[in-house]
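Note that the coordinates shown come from a computational prediction; the quantities given were computed from them, not determined experimentally. Reminder, nothing fancy here: chain letters follow the sequence lines and each chain counts from 1. Computed from heavy atoms alone, side chains included, the values below leave out hydrogens, waters and symmetry copies.
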Amino acid sequence: MKTSEAGEKTRNFIEEIIERDIESGKHGGRVLTRFPPEPNGYLHIGHAKSICLNFGLAQKYGGKTNLRFDDTNPTKEDVEYVDSIKEDIKWLGFSWANEFYASDYFEQLYQWALDLINKELAFVDDQTQEEIRLNRGTVTQPGKNSPFRDRSVEENLDLFSRMRAGEFPDGSRVLRAKIDMAHPNMLMRDPILYRIIHAHHHRTGDEWCIYPMYDFAHGQSDSIERITHSICTLEFDVHRMLYDWFIEKLEIFPSHQYEFARLNLTYTVMSKRKLLQLVQENFVDGWDDPRMPTICGLRRRGYTPESIRTFAERVGVAKRDNIIDLSLLEFYLREDLNKRAERRMAVLEPIKVIITNYPEDKTEDIHAVNNPEDEAAGKRTIPFGREVYIERNDFMEEPPKKFFRLAPGREVRLRYAYLIRCNEVIKDENGEVVELHCTYDPESAGGKSSDGRRVKGVIHWVPVKHAIKAEVRLFDRLFQNEDPNDVPEGTDWKTGINPDSLKVIEGFVEPSLANAEPLQSFQFERLGYFNVDYDSKPNKLVFNRTVTLRDSWAKISTKK
RNA sequence: UGACCCAUGGUGUAAUGGUAGCACAGCAGAUUUUGGUUCUGUCAGUCAAGGUUCGAAUCCUUGUGGGUCAACCA
């Protein structure tokens, strides 16, 4: 929870509403929210915000949250999605009170449709889809009544039951509410309640061939479950009038809808349509590609549920459109990983160092702390020998100002091991540095100088003899521009895709990583946080770079 | 162009008629066997114009800017 400087609690507008409701005794102080995904795709970070909001609110006010699948369109939905959605919610750390489906309510919804027909508030329309569209008018012009609008209750009842019985082909008839074709809110211009779809539904099979529209299912489903606070995103604002209309006409439990602004992140897209396109057109390797903003993608990338939850809580809940800095998400990720990820050493772009005064066949154990933020994480040993790999960019033949790593004649600390000094630079015929000949100070075991001289540079290393080769996947942002949706008229949004969002390299890691398991996270010292990919095997390690460490040297050096 | 929603530093969010605060990002410094972490400092904001009021980010009006709505999608 956020607190102001004085320490008193501040609430978002939904929390204020709930507190007011509890105080006034509305619903007997009861709080019941719901998370209502349509099982037609994978969940992304935007859904995570909604999940954290719905479940978080219930937790905060002693209530519960239902998981309800909004499965009213059989042509788009599948159990595959149901399963992944459940997995993702659980992974985020939430448990639902009940698992419901809008399709559980199909019979009740049908009865309510009958009810509306009997009240002369609904009618069967024989117009074609095209005619309906044309007669709806536009945002500035009123629509025209359907010629079938005044059918008798008996005829409507007959036709609607025959729609259900399967007597008519897809698209031939719909059931519409009878409201007002001149209403300024387009949603109120005799909205469609039921359409005919002869398709197999992932739960109800072939039991139905008419399916309710979102508007005729969502509010009533809330009502059936006695949801007290139905929270959704801004674009449903205009639907609220209809939501309330059904509740009023049907005289059912008055759930209420509240809208908040959906989450947007810089350098990524969030719409299901665009995400699907990225997958189908092979810009990424699938829904769980670590570059995707999907929950499964973030999980594979190495994000922790805790960091996502903290992020969701801290971005706030309001009604204005927003686009949040990816760096805020990364901040909470690093904050979390810093506390829990064990440190390891890995060299991504190696250059060999030979310590000329170190005995050829000697190996000794170096003790390294696993996590300076957590003493309980203990220590591990790393073998040290005459040859080690260091990072290529930790050496510069002609070091610029403020560079305090290795250079000819300079001394640097090999982390946890010894101080070494570079004496000789070996190059190949192209002038490329291939090897560094150094000497070590035998008195500097553990990396401490015996005479008190200060050595500022500390670099990581991996022993050549015990190094394990590993594939390392380096990810960068998927888009080059902050707002990939903001492209000039007529330009494809995909032109903004970053062609270098994935770089696969071969590096070396220290031997203690030999048995690392998929999804385990580590900090490779001075490089970043990396986790083990699903593709990893004991003899073929694969690491994903989750996020780099903050790097103030990179800032200094690129500024020049 | 109609209806509705929204407008506070670069980004996000608080202040509920009474001192515009917090976080991220940026910048500067201290500490450091990770150029990490931690700590300190710093830059920077109420869309505009009127009105109400002792007092307005907050209420009202108008304007401006952004968003949503014209699927038998959700």
Side-chain angles (χ1 to χ4, degrees), chain A residues 2-6 10-13 16 36-38 40 70-73 75-77 102 125 128-129 132-134 136-143 170-176 183-189 192-197 211 213-215 217-218 232 234-241 259 261 266 272 314-332 334-335 338-339 343 345 368-369 372-373 402-405 413-417 419 446-448 455-460 482 523-528 548-557:
Chain A
K2 294 173 308 231
T3 49
S4 71
E5 196 183 19
T10 67
R11 295 161 226 84
N12 64 51
F13 78 99
E16 286 178 5
E38 180 186 16
N40 69 342
D70 236 330
D71 55 349
T72 56
N73 186 347
T75 63
K76 295 190 171 179
E77 297 147 8
D125 196 345
T128 63
Q129 189 164 344
I132 289 177
R133 188 175 63 78
L134 257 22
R136 184 149 33 219
T138 69
V139 288
T140 49
Q141 291 166 307
D170 287 7
S172 57
R173 285 187 166 86
V174 291
L175 182 73
R176 300 178 74 176
H183 200 105
N185 182 341
M186 299 293 290
L187 262 330
M188 300 300 276
R189 321 246 262 224
I192 292 168
L193 271 30
Y194 271 91
R195 72 289 215 197
I196 300 170
I197 304 176
Y211 289 90
M213 295 286 287
Y214 165 85
D215 286 302
H218 201 100
C232 62
L234 247 32
E235 65 270 28
F236 290 98
D237 184 310
V238 287
H239 292 254
R240 193 179 58 239
M241 188 177 279
E259 311 87 16
T266 54
K272 249 179 209 174
R314 302 303 292 274
V315 291
V317 178
K319 294 191 77 157
R320 68 169 150 157
D321 297 312
N322 60 75
I323 179 161
I324 291 163
D325 258 322
L326 184 62
S327 56
L328 186 64
L329 212 210
E330 292 179 338
F331 170 81
Y332 292 116
R334 291 193 184 102
E335 182 181 62
N338 178 50
K339 284 182 297 192
R343 316 286 129 121
M345 291 203 285
V369 304
E373 308 292 318
K402 288 193 179 167
F403 182 86
F404 31 81
R405 278 114 95 145
R413 174 180 295 111
L414 288 181
R415 179 137 230 230
Y416 297 124
L419 298 178
K448 270 192 274 291
V455 174
K456 182 142 187 168
V458 183
I459 64 176
H460 59 275
E482 274 201 6
Q523 182 195 103
F524 288 174
E525 295 220 30
R526 304 209 304 134
L527 296 174
T548 61
L549 253 25
R550 286 185 65 205
D551 187 350
S552 48
W553 166 245
K555 276 181 201 157
I556 296 168
S557 57

> Could you tell me whether A/F236 and A/H218 have their ring centroids closer than 6.0 angstrom?
no

> It should be established whether A/R11 places a side-chain nitrogen or oxygen under 4.0 Å from OP1 or OP2 of nucleotide B/A14.
no

> Can you give me the dot-bracket string for RNA chain B, 5' to 3', counting Watson-Crick and G-U wobble pairs with both distances under 3.5 Å, using [ ] for crossing pairs and | for partners on another strand?
.((((((..((((....[..)))).(((((.......)))))....(((((..]....))))))))))).....

> Is a salt bridge present between A/R240 and A/E259, judged by a nitrogen-to-oxygen distance below 4.0 Å?
yes

> Taking donor-acceptor contacts at under 3.5 Å, does the side chain of A/E482 reach the base of B/G10?
no

> Could you say whether the aromatic ring of A/W553 and the base of B/G35 stack, counting only centre distances under 5.5 Å and plane angles under 30°?
yes

> To the nearest 0.5 Å, how far apart are CD1 in A/I197 and OG1 in A/T75?
5.5 Å

> In whole angstrom, give me the gap between the C1' atoms of B/A20 and B/A57.
8 Å

> Answer yes or no: side-chain N or O of A/R314 and base N or O of B/G12 forming a donor-acceptor pair under 3.5 Å.
no

> Using a 4.5 Å cut-off on heavy atoms from C-beta on, say whether the side chain of A/R334 contacts that of A/T548.
yes

> Looking only at N and O atoms, is any donor in the side chain of A/R343 or the base of B/U34 less than 3.5 Å from an acceptor on the other one?
yes

> Taking the P atom in each of B/C47 and B/A14, what is the distance between them to the nearest angstrom?
15 Å

> Checking A/F403 now: which residues fulfil ring-ring contact (aromatic ring centres under 6.0 Å, His included) with it, not counting sequence neighbours?
A/W553

> What is the glycosidic conformation of B/A71: syn, defined as within 90° of 0, or anti?
syn

> Calculate, to the nearest 0.5 Å, the distance between atoms CG and CZ belonging to A/D125 and A/R176 respectively.
5.0 Å

